Undergrad: 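Handing you a structure now.
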Protein chains: 4
Amino acid sequence: MKKIIVNSYEELSELTANIVVSTMLQDKQVNLSLTAGSTPKRMYELLLEKMSHLGELTNIHYYTFDETPIRNQEGQVVGFDNFDGLKQSFFEPAKIAESQIVAMQDDNYSNFPELISAAGGLDLMVIGMGDDGHFCANMPECTQFDKAVYRVKLTNDFPWNAPYQEGLKGNYSDYMYTLGLPSLLKVQRVILIVKGASKAAAVKRALTGPLDQNFPASYLRLLPNLTVILDQEAAQQL
Amino acid sequence: MKKIIVNSYEELSELTANIVVSTMLQDKQVNLSLTAGSTPKRMYELLLEKMSHLGELTNIHYYTFDETPIRNQEGQVVGFDNFDGLKQSFFEPAKIAESQIVAMQDDNYSNFPELISAAGGLDLMVIGMGDDGHFCANMPECTQFDKAVYRVKLTNDFPWNAPYQEGLKGNYSDYMYTLGLPSLLKVQRVILIVKGASKAAAVKRALTGPLDQNFPASYLRLLPNLTVILDQEAAQQL
Amino acid sequence: MKKIIVNSYEELSELTANIVVSTMLQDKQVNLSLTAGSTPKRMYELLLEKMSHLGELTNIHYYTFDETPIRNQEGQVVGFDNFDGLKQSFFEPAKIAESQIVAMQDDNYSNFPELISAAGGLDLMVIGMGDDGHFCANMPECTQFDKAVYRVKLTNDFPWNAPYQEGLKGNYSDYMYTLGLPSLLKVQRVILIVKGASKAAAVKRALTGPLDQNFPASYLRLLPNLTVILDQEAAQQL
Amino acid sequence: MKKIIVNSYEELSELTANIVVSTMLQDKQVNLSLTAGSTPKRMYELLLEKMSHLGELTNIHYYTFDETPIRNQEGQVVGFDNFDGLKQSFFEPAKIAESQIVAMQDDNYSNFPELISAAGGLDLMVIGMGDDGHFCANMPECTQFDKAVYRVKLTNDFPWNAPYQEGLKGNYSDYMYTLGLPSLLKVQRVILIVKGASKAAAVKRALTGPLDQNFPASYLRLLPNLTVILDQEAAQQL
């Protein structure tokens, strides 16, 4: 693990955007997997600005790494928790062509690792982590550490499920799927970004605590080429 | 360049087949580009035998590296000089599925480098060389050293053309296409195999002479990870 | 994981030797880490024969992956459990120069991962596994899964220790050190070889059971590019 | 080749510095080879600023790619044309430890490619080009395109020599050595930076003209993973 502590969220966002751009500008098809969520919001703003100066980047392909389909009370799919966020933060404003995006869905999730392998593997993945220790959709209580990809039925056996369903405002999700640890172990380079004091304890546990299956992010330490970028607050317990 | 001189054609064939098998047995999609022609004949026999013990190898994809469509007097395509040879020596007896083969053709040759890049690049290429110094279909007098792929119109401006057309027995070819030097420079590993005293002078010129655009194989020395396997006779002028 | 089941110990040895040779014959410094023990005995015989035809192979460097210094009753080191085996099976008969060997010892074990990184990483590691699930010297009850390298004091807290000490015939060992899982996760390619019916249950547990910290070999499934080569007997419970 | 045209020298410098930083922040020994000269001056200023926020970067090793020892009238070496520039622009202000620098010198130049290979190869090289088409010290009239490294005696057979010697102000150089094309072809990634209208014709010739041994930079197009970064003025003839 290469650990970098920067002064601010702005520096974290700038550095991460620069690593993404740097990876993009190669003479090859480059396969990226980028996280949605709140942590990378500023990173995407900077990335959009930087990409606007760099001409066509049709050599970049994007793979999502997890998905939770969202349904209305009639059971119809009305959204995708991960893809919709990426679409709004990045794919749409960056005008990424559909042909450059491979989104994990019902009909392809089970062979997503093969799709990635058939494209030569992922060059770069940028992920965050939750204060409960989740990464991608590898959640406490239900992570299958030896599966390259897997599906989880969402039930109230998991303490995190009820709050999650409440956040969907009348809609619901009945399952999710995610790349698992073996898939991340095959990525050329993974960047983990964490900001804010509210995650300081989780950062400490992930980076210095025991490997703990109930705190999945602790297993990220096994990644062969991991760069961890923290702001001062997220690093304050290290 | 890593140069290996073995005692016999049998040893050359065995060693080459072993390198191919070794490359195949990885936990990833493996992209191979193998040569047709007489030099690898024994290598294919050994490879078929070895593969028969190794179970399903559906993770291997095969890319041809050049092609010369062959036409009858009515101008209809009746064969493919490279693909037909590979089909007979290897694809058919090894029962390779069509979905694992990407053959260079009229409608895809111009973006073959992009097809290869989209699959993560070639892991291994096995090539031979002619006593006129050609490799793939990079022939004397017409090699375009800076092109990743290109097409050549076959005319009698090239001294090698008339004998070639004669060998087609009433049929003819009007053009060929081939991967060029920049594509080979991107391959993870290239194996050059040469056998027999009749190629000893060409081997000497390719491996120790000046870089000479009229002897294209001299440029193979630039490859970043080239293994040259020669029998004693091919190496006798070194 | 790419799993290959061959007919016999001879085929297992031949295939493994071929992968080692294939990896050796590149135009670069190649860093290998090969296992001692009884499983690879025949592989080394075949490797020695093959290498005798291949000329100088001074581009190959060898790294041991664990060590247990052996002491006499006066406490003096009189041998090295791993290195001495490799020396006898391979380094001495293959006449490998000392400058090509980096052996893990008291004075370098703690920065062995850095030594490997400074040489560009390991290209290939060949390992076995014990019927107790150990790999390298990652033993049941004491494996530190998040350590790139670590030392273990040998005590009778570990059920495997007493039989091990008895095998030393009047000598003893007080500690051992080993590369750990994070180091193996960085190797370009790992080959796991297992032979014989006596290991069939362990093979089943390692390859199909849960990730179990008391059965360290189960974690080998996480390796990004693992080839498992089994003879029929070792595979009989799969 | 991946070609990026940016608006200004400042943008060129910023983008290049970001690629260097991005490459540095990996969990491995990273081997860099950076150019001296006037083009990267601003890049170094930005790099120094960025590195000052990134903590210890002892995992980075620096390899120079050419050298011209400078002598006084008594024949004593009084300086190194390349190293002294790098020392001033970068090594000294960045406080790079001597143990992280491998400088090409009389006593090691001939096996510099082996030194690089023994460290796992170069991860990144940043180079410029001259309006005479030179890259590194591969000069018109004397480039040996098939040599991984070579030495050239400086004589007035070369039109560029007299002006060069004059610039040494009473001192002189009698030879230089440089990595050659085969060494650059082995680098994971090469960045070529060019600025200013005075190089626009050379850029056009290098990137779009024939492969021409008297204009060495034309051969850079063969590099397997080249990123060319140009400001508007350098790109104005494309």
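Please read all numbers here as calculations on a predicted model, not as lab measurements. Because only heavy atoms are used, hydrogens play no part in the values below, and waters and symmetry mates are left out as well, while side chains stay in. Throughout, protein chains are lettered first and strands after them, A, B, ... in sequence-line order, and every chain is numbered starting at 1.
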Undergrad: Of the backbone (N, CA, C, O) and the side chain (C-beta and beyond), which part of D:Ile5 lies under 4.5 Å from a heavy atom of chain A, both, or neither?
TA: backbone

Undergrad: Please check if the number of heavy atoms outside A:Lys87 that lie under 6.0 Å from its NZ is greater than 12.
TA: no

Undergrad: Quick check: D:Tyr177 with D:Phe112 (ring centres under 6.0 Å apart)?
TA: no

Undergrad: Taking every heavy-atom pair that is under 4.5 Å apart, which of D:Ile4, D:Leu25, D:Thr227 has the most such pairs with chain A?
TA: D:Leu25

Undergrad: Is chain A contacted by the side chain of D:Gln188, its backbone, both, or neither, given a heavy-atom distance below 4.5 Å?
TA: neither

Undergrad: Have A:Asn138 and A:Tyr150 got a donor and an acceptor in their side chains that come within less than 3.5 Å?
TA: yes

Undergrad: Step through the shown structure and confirm whether more than 12 heavy atoms of other residues, nucleotides or ligands are within 6.0 Å of CD on D:Glu10.
TA: yes

Undergrad: Under 4.5 Å heavy-atom distance to chain D, tell me which part of A:Leu226 shows up: side chain, backbone, both or neither.
TA: backbone

Undergrad: Let's test your reading of the structure: which of D:Asn59, D:Val21, D:Asn7 forms the most heavy-atom pairs below 4.5 Å with chain A?
TA: D:Asn59

Undergrad: So, for A:Phe91 and A:Phe83, is the gap between ring centers shorter than 6.0 Å?
TA: yes

Undergrad: When you check the side-chain N and O atoms of D:Asn225 and A:Gln26, is any donor under 3.5 Å from an acceptor?
TA: yes

Undergrad: Please rank A:Ile229, A:Asn18, A:Val6 by heavy-atom pairs under 4.5 Å with chain D and give me the top one.
TA: A:Asn18

Undergrad: Can you tell which of A:Lys3, A:Lys28, A:Glu14, A:Met1 has the highest number of heavy-atom pairs within less than 4.5 Å of chain D?
TA: A:Met1

